[in-house]
Amino acid sequence: MLITAPPDAPVRKLLPEPTAQLAAEDVYTDISFPTREARPYVLINMISSLDGKVAVGGKAGSLGSLVDRTVMRNLRACADAVLIGAGTLRAEKLTLTVPEDHTRARESRGLKPQPLAVVATVSGDVPLQENLLGSSPENLLVFASSETPQEHLVTLSSRASVEVVAEETSKLGGLDLVEALRTLKKRYGVSVLLVEGGTVLNHALVSSGLADELFLTVAPKLLGGERPGALSILEGPALTPHKTKPKLISIHISGEELFLRYTLSTEDSSRC
């Protein structure tokens, strides 16, 4: 069941002090991020239920409220590019764009009107025309791997820019994330990258020390469920204990819904 809190519901900032009451449109609008030399500064934005599930019937869009959607767009408006995995796009129709009022604010900060839409795939099975809404071919990039079938590469190239990244170390299946991030920084000028799932992509980034911050909305729901439908934020092998050290830096609350921001410090971060 969709949470239907109105988009103008008040949001209260709890951390850092002093506490304050905000409109949803003002959450995350005044934040800035460090610059990394070799790759973009990487943010992960996710929503989960109280028991850690990230989708209802395979779709994350039914978990959050209208306030959550507003806050998500605010964060998206801060990024040079928005990245999703192909599985996220196959699961539901979605957009990686921002509304017109955000485009004007982006331009005033020297950003392009819309963030670059980026999709990562190994199989090449990417329903761009059917499920990706609002992104023009000129502002759409697909990362593929050397394992992606040639016929899929041809189809994708007619609808987006395509980069086949070389194989190195930190992989999502057969797609090298280190090289993909380097390409975004060097060739596309992406300084801040927002990742909006899926869970395997999240795990690959975190486990490789390539994720810098996590923005997590906690929805007031208990879902239960068993695999494969009950996905959590990170799907993959267990992480090394104490390898990742999240630090809570802000808390906002609207009704029963929490908005948490963490920095992620890992043993591998220094090499990035």
Side-chain angles (χ1 to χ4, degrees), residues 15 33-55 60 63 75 79 81-88 118 120-123 143 145-147 165-185 190-219 223-251 258-272:
L15 182 76
F33 305 100
T35 299
R36 287 193 174 274
E37 183 177 349
R39 65 165 175 84
Y41 192 82
V42 176
L43 320 173
I44 294 176
N45 185 34
M46 292 293 289
I47 184 169
S48 80
S49 64
L50 291 174
D51 53 335
K53 306 304 187 297
V54 298
L63 262 179
L75 189 57
V82 182
L83 168 66
I84 58 171
T88 297
V118 187
T121 182
V122 175
S123 70
F143 278 114
S145 83
S146 57
E147 300 174 16
V165 291
E167 295 183 7
E168 286 188 12
T169 51
S170 303
K171 294 183 181 180
L172 173 66
L175 192 153
D176 191 290
L177 291 173
V178 170
E179 185 62 25
L181 294 182
R182 288 174 182 162
T183 299
L184 282 173
K185 180 75 173 185
V190 175
S191 293
V192 178
L193 174 66
L194 177 63
V195 180
E196 296 186 354
T199 61
V200 175
L201 175 58
N202 293 343
H203 185 281
L205 290 166
V206 172
S207 63
S208 302
L210 298 173
D212 298 296
E213 295 193 20
L214 170 65
F215 290 79
L216 176 63
T217 300
V218 181
L223 300 180
E226 298 179 356
R227 294 179 184 276
L231 298 176
S232 62
I233 293 170
L234 304 180
E235 288 294 315
L239 298 177
T240 303
H242 311 302
K243 180 178 180 179
T244 303
K245 301 176 181 178
K247 179 181 178 182
L248 182 63
I249 58 175
S250 76
I251 304 171
L258 281 171
F259 302 89
L260 310 175
R261 179 187 178 189
Y262 293 88
T263 57
L264 303 176
S265 174
T266 72
E267 294 172 358
D268 296 333
S269 295
S270 59
R271 68 178 177 86
C272 307

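Residue numbers run from 1 in the order of the sequence given. Computed from a predicted structure; not experimentally measured.
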Using a 3.5 Å distance criterion without hydrogens, assess whether the side chain of Asp212 forms a donor-acceptor pair with backbone atoms of Val42.
yes
Donor-acceptor pair, Asn202 side chain versus Ile233 backbone, under 3.5 Å?
yes
Check whether any side-chain heavy atom of [X] lies under 4.5 Å from a side-chain heavy atom of [Y], and answer yes or no.
| X | Y | result |
| --- | --- | --- |
| Pro40 | Val192 | no |
| Leu63 | Leu223 | yes |
| Val206 | Ile44 | yes |
| Leu175 | Thr121 | no |
| Leu177 | Leu201 | yes |
| Glu196 | Thr88 | no |
| Leu184 | Phe143 | yes |
| Arg36 | Leu181 | no |

Partner set under side-chain contact (heavy atoms from CB on, under 4.5 Å) for [X], not counting sequence neighbours:
| X | answer |
| --- | --- |
| Ala81 | Leu116, Val118, Val190, Leu193 |
| Thr263 | Glu213, Lys247, Ile249 |
| Leu15 | Leu248, Ile251 |

Testing the basics here: between [X] and [Y], what is the closest heavy-atom pair and its distance to 0.1 Å?
| X | Y | value |
| --- | --- | --- |
| Lys185 | Glu37 | CE-O, 3.6 Å |
| Val54 | Ser232 | CG1-C, 3.7 Å |
| Val122 | Ser145 | CG1-OG, 3.7 Å |

Pairwise distance [atom1]([X]) to [atom2]([Y]) - rounded to 0.5 angstrom:
| X | Y | atom1 | atom2 | value |
| --- | --- | --- | --- | --- |
| Leu260 | Leu214 | CG | CG | 8.5 Å |
| Leu194 | Ile84 | CG | CD1 | 11.0 Å |
| Ser191 | Arg39 | OG | CZ | 12.0 Å |

[X]: partners by side-chain hydrogen bond (donor to acceptor under 3.5 Å, both in side chains), with sequence neighbours left out:
| X | value |
| --- | --- |
| Tyr262 | none |
| Ser48 | none |
| Ser49 | Asp51 |

